[in-house]
Amino acid sequence: MDQWTDDLRVAPDYPGRLARLRDLLEPGEAFVSLDGPTNLYLTGLAASASAITVTRDAAELLVDFRYIEQAQQSVKGEWRITQTGDPLTRTVSRAAKAQGAGVLSVEPDRLTLKQWHSLLEGADGMRCQTRENLVAGLRQTKDSGEIAAIRKAIHIAEAAVQEAMAEVRIGMTESELAARIEYGFKSRGGRRPSFDTIVLFGARSSLPHGAPGDTRLEPGMVILVDCGCVADHYCSDLTRTWFFGTLIPPWFREIYEVTRQAQAAAIAAVRGGAECKAVDAAARDLIRDAGYGAHFGHGTGHSLGLEIHENPRLNLQDTSRLEPGMVVTVEPGIYLSGQGGVRIEDVVLVTDTGAEALTSLPKDLQVIEP
Ligand code: GLY
Ligand code: MN
Ligand code: MN
């Protein structure tokens with residue numbers, strides 16, 4: 001079993017999604033997918049294995065015995081639902097052929113090389129091609145149901161973090177704090193963490209994606225928490241950094257303040273039409289000008305939705321433009337090896353004129369008294 005195993009509880013516009021995909025297809029072209037998030041987005045079925053083929057006038061979902069009843073109960077509209085015991089790559093090729101397709105199109109980053117070879121072998125005279133950003137492109141802009149689900153996932157994560165942070169004590173390990181946060185997700189209806197929870201104490205907070213371990217909390221340590229959960233299939237993503245102790249070292253106060261200003265600058269640059277790399281530059285330039293450029297080596301943010309990392313990205317390379325309805329993280333950080341790090345991460349909704357904050361936890365430097 002993997003993560004794609006329950007039904008969407010928001011009310012998505014599946015016919016609209018199918019229609020928008022079809023607008024991108026040529027006559028005789030079948031879009032084929034064996035990808036969980038893609039198939040969930042289009043059909044509403046969350047399955048660890050499924051295949052779809054969509055042409056301008058047909059749509060078929062193929063599943064094995066494990067998912068047939070779920071599919072028949074939950075997948076509505078014009079989807080033809082077929083049970084198969086054969087390899088999905090073979091069955092989906094046959095289904096596309098029966099739809100009258102002459103060309104099979106797949107998104108190249110959504111299938112394995114083995115699946116591609118298997119599609120080629122079963123193509124039976126159809127041409128196989130890759131096309132970027134068919135469904136992935138549609139998924140970049142979120143509808144109101146998707147935004148509601150992301151809000152719910154954020155709300156659960158914030159409540160779980162606040163509850164767990166109220167319980168931190170001298171001697172607690174990083175792993176224990178991570179476990180408490182994840183318990184808070186599930187006890188509030190979050191299905192699972194949206195990625196491996198990061199909890200780092202002291203100098204370990206300079207590891208941008210460190211894993212929690214058995215380091216015990218002592219006065220004078222930084223606490224960095226980066227976590228999120230999945231609710232109604234949508235992800236949240238949240239980072240906060242605290243100081244455990246009342247004597248805050250000047251280096252920490254400084255990098256906290258610079259990170260906070262960098263985040264504010266990037267959020268101020270977010271709006272419909274803004275170039276993604278310009279939003280990244282707003283944070284990066286501020287950190288560089290403060291003298292910490294070498295200590296901020298990751299992107300400023302990323303979109304999120306059914307998956308924790310989606311396009312577009314707020315980084316040095318992404319020249320695409322933000323659009324209203326996109327949902328992105330803004331998460332600059334400064335990491336000083338041997339001393340500690342700071343990252344502050346919020347999720348914002350892109351609007352015509354700016355960014356609507358979806359995250360609500362405070363961002364001023366917070367001290368936890370031992
Ligand atoms: N830790 C995952 C992220 O913030 O992107
Ligand atoms: Mn994060
Ligand atoms: Mn993130």
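Start at 1 and go down the list; that is how both ligands and their atoms are numbered.
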[X] neighbourhood, listing ligand 1 atoms whose heavy-atom distance to it stays under 4.0 Å:
{"X": "His309", "answer": "2 (C), 3 (C), 5 (O)"}
{"X": "Asp226", "answer": "1 (N), 2 (C), 3 (C), 4 (O)"}
{"X": "Glu345", "answer": "4 (O)"}
{"X": "Glu331", "answer": "3 (C), 4 (O), 5 (O)"}

Among all protein heavy atoms, pick the one closest to atom 2 (C) of ligand 1 and tell me residue, atom and distance.
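Ranked first by proximity to atom 2 (C) of ligand 1 is His209 NE2, 3.6 Å.
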
Considering heavy atoms of the protein only, find what lies nearest to atom 3 (C) of ligand 1 and give residue, atom and distance to 0.1 Å.
Asp237 OD2, 3.4 Å

Look at the side chain of [X] and the backbone N and O of [Y], then say whether any donor-acceptor pair between them is shorter than 3.5 Å.
{"X": "Thr91", "Y": "Pro87", "result": "yes"}
{"X": "Arg22", "Y": "Ala58", "result": "yes"}
{"X": "Ser118", "Y": "Thr89", "result": "no"}

Look at Arg110 together with Glu307 and state whether they make a salt bridge at an N to O cut-off of under 4.0 Å.
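Yes, this pair counts.
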
Charged N-O contact under 4.0 Å between Glu107 and Arg131
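No, this pair does not count.
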
The N/O/S atom of Glu331 lying closest to the Mn ion (ligand 3) is OE2

min-distance N/O/S atom, Asp237 vs the Mn ion (ligand 3), resolves to OD2

Measure from the Mn ion (ligand 3) to each N, O or S atom of Asp226 and report whether any distance is below 2.8 Å.
no

Does any N, O or S atom of His302, backbone or side chain, fall under 2.8 Å from the Mn ion (ligand 3)?
yes

For a side-chain contact (heavy atoms from CB on, under 4.5 Å) with Cys276, tell me which candidate from Val270, Asp318, Asn315 qualifies.
Asp318

Would you kindly specify which portion of Ile308 sits under 4.0 Å from ligand 1, judged on non-hydrogen atoms: side chain, backbone, both or neither?
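No part of Ile308 comes within reach of ligand 1.
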
Aromatic centroids of Tyr335 and His298 separated by under 6.0 Å
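Yes, the ring centres sit under 6.0 Å apart.
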
Do Gln129 and Arg127 have side-chain atoms, one donor and one acceptor, less than 3.5 Å apart?
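Side-chain D/A pair, Gln129 to Arg127: present.
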
Check Glu345 and report its N/O/S atom nearest to the Mn ion (ligand 2), by atom name.
OE1

